[in-house]
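As the structure is a computational prediction, the values presented were derived from the model and not from experiment. Hydrogens, waters and symmetry mates are skipped; everything else that's a heavy atom, side chains included, is used.
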Amino acid sequence: MGKTKRVLVFGSSNSGKTSMCNALTNQNFPTGNDATGVTLRNTDYPPYYWGSTRYVFTDTIGLNECASGSVSADYALTTLLRLVQASKSGYHLLVFVMRCGTITDADQKVYDLIVNKVTEGRIPVLIVVTHCEFATQGESMQSWVDANHKHFENANMPAAEILGTCFKVCRNTLFMDLLNDLRQSSVAAVWEAVGRHCNPTVQKFVLGTDNDLLATIKRLWNSMCDTFHLDTLKIPTKTVLQYVQESLQQCPLPTELSLPPPADFRDAFSVDMSVDADLHPDFIISSVSR
């Protein structure tokens, strides 16, 4: 039996993440144009073998709603906790998925949050551009990427590799054969790139001790506020501890990531701020019990 490699798939809603993961792992998770009701879920795909290596894909969604600037503290904190929960075992590779076309502000913010702030640049990144099937008439899907590579550089979105792909499932007989061929070639291209760029060892940003978990939550909260410019985001009349406890009722963390007793939690947020320099001021105000 080969080693297990863990891959985190992220990007904005409706970018084609689920379609890609379904195609790569022969699954049939629901896809759609409306993210309502699923924006706070992380989908762990069943283990899938490619060659002698077993891969586990985690599809994290909902971060682009934070980028819109119109989210509640509840939403932002629950999104953060979902990410922590999904990431306890670490990853070997990040896969950022976006639709063919203009690189949006939300794309840049989500990329920056996960690649630079959450995982601190320690994990290789593969960018998969979907819906490239008709981007360049008469040319390969990769030709769009080649023609627009400089725009990724200008947007500060470096990657080990950028792929032009198509994962569209078509029932129109006129295009069915063409799109099926493009889909199969995209599956092969992505799998080959995943094999090339997976880190040899797993990289963790969520560690198992209580103090490390608290430091991680504080760091990620601060990063979310900074990335999405949530300067007015506050948690009125309640401490962060209360919001965490309420969120965990809907999103329980595994025992190895269990939170310390309430008093210790409050102390961790109100004392020794050097553990997480430049903590977002709203977080400091909200997290200290009055």
For the backbone of [Y] and the side chain of [X], can you confirm whether one donor and one acceptor N or O come within less than 3.5 Å of each other?
{"X": "Gln142", "Y": "Ile162", "answer": "yes"}
{"X": "Thr25", "Y": "Cys21", "answer": "yes"}
{"X": "Ser186", "Y": "Leu182", "answer": "yes"}
{"X": "Ser87", "Y": "Gly90", "answer": "no"}

Should [X] and [Y] count as side-chain neighbours, where that means a heavy-atom distance under 4.5 Å?
{"X": "Tyr48", "Y": "Leu24", "value": "no"}
{"X": "Leu163", "Y": "Val145", "value": "no"}
{"X": "Lys3", "Y": "Arg54", "value": "no"}

Residue pairs meeting ring-ring contact (aromatic ring centres under 6.0 Å, His included), one or both in residues 96-116, sequence neighbours left out, come to Phe10-Phe96, Phe96-Tyr111

Residues at least two apart in sequence or cross-chain that pass salt bridge (Lys or Arg N to Asp or Glu O under 4.0 Å) with Lys117, listed by chain then number, are Asp112

> Please walk me through it: do Thr53 and Tyr49 pass side-chain hydrogen bond (donor to acceptor under 3.5 Å, both in side chains)?
Replying inline: CA-CA 6 Å; Thr53 304; Tyr49 279 90; over 6 Å; no

Considering all heavy atoms of both residues, which atom of [X] and which atom of [Y] are nearest to each other, and what is their separation?
{"X": "Ser12", "Y": "Asp107", "value": "OG-OD1, 3.4 Å"}
{"X": "Leu179", "Y": "Cys166", "value": "CD2-SG, 3.9 Å"}
{"X": "Met141", "Y": "Cys132", "value": "CG-O, 3.6 Å"}
{"X": "His197", "Y": "Ala160", "value": "ND1-CB, 3.5 Å"}

Residues 190-202 vs salt bridge (Lys or Arg N to Asp or Glu O under 4.0 Å), sequence neighbours excluded, gives Glu161-Arg196

Hey, any chance [X] and [Y] share a hydrophobic cluster, counting ILVMFWY side chains that come within less than 4.5 Å of each other, even indirectly?
{"X": "Val187", "Y": "Val9", "answer": "yes"}
{"X": "Trp191", "Y": "Leu93", "answer": "yes"}
{"X": "Val202", "Y": "Val95", "answer": "no"}

Inset, instruction - Would you check if the distance from the ring center of Trp50 to the ring center of Phe57 is below 6.0 Å? - result: no

>> Less than 6.0 angstrom separating the ring centers of Tyr55 and Tyr45, yes or no?
In response: no

TODO: Verify side-chain contact (heavy atoms from CB on, under 4.5 Å) between Val56 and Lys5, making sure each step is shown before the conclusion.
DONE: CA-CA 6 Å; Val56 175; Lys5 297 292 182 71; over 6 Å; no

Could you walk me through whether Thr130 and Arg99 pass the side-chain hydrogen bond (donor to acceptor under 3.5 Å, both in side chains) check?
-> CA-CA 5 Å; Thr130 61; Arg99 292 180 68 99; 5.8 Å; no

Between Val129 and Thr165, does the side-chain contact (heavy atoms from CB on, under 4.5 Å) criterion hold? Intermediate values first, please. CA-CA 6 Å; Val129 183; Thr165 65; 5.7 Å; no

Query raised in the report: Should His92 and Ile123 be marked as a side-chain contact (heavy atoms from CB on, under 4.5 Å) after you check the CA-CA gap, both sets of side-chain angles, and the distance that decides it?
Result: CA-CA 6 Å; His92 297 79; Ile123 305 176; over 6 Å; no

TODO: Please determine, by modelled atom types, if Asn22 and Ser19 share a side-chain donor-acceptor pair under 3.5 angstrom.
DONE: no

- Task: Would you sort out whether Phe205 and Arg122 count as a side-chain contact (heavy atoms from CB on, under 4.5 Å), showing the intermediate values?
- Result: CA-CA 9 Å; Phe205 67 92; Arg122 292 179 291 174; 3.4 Å; yes

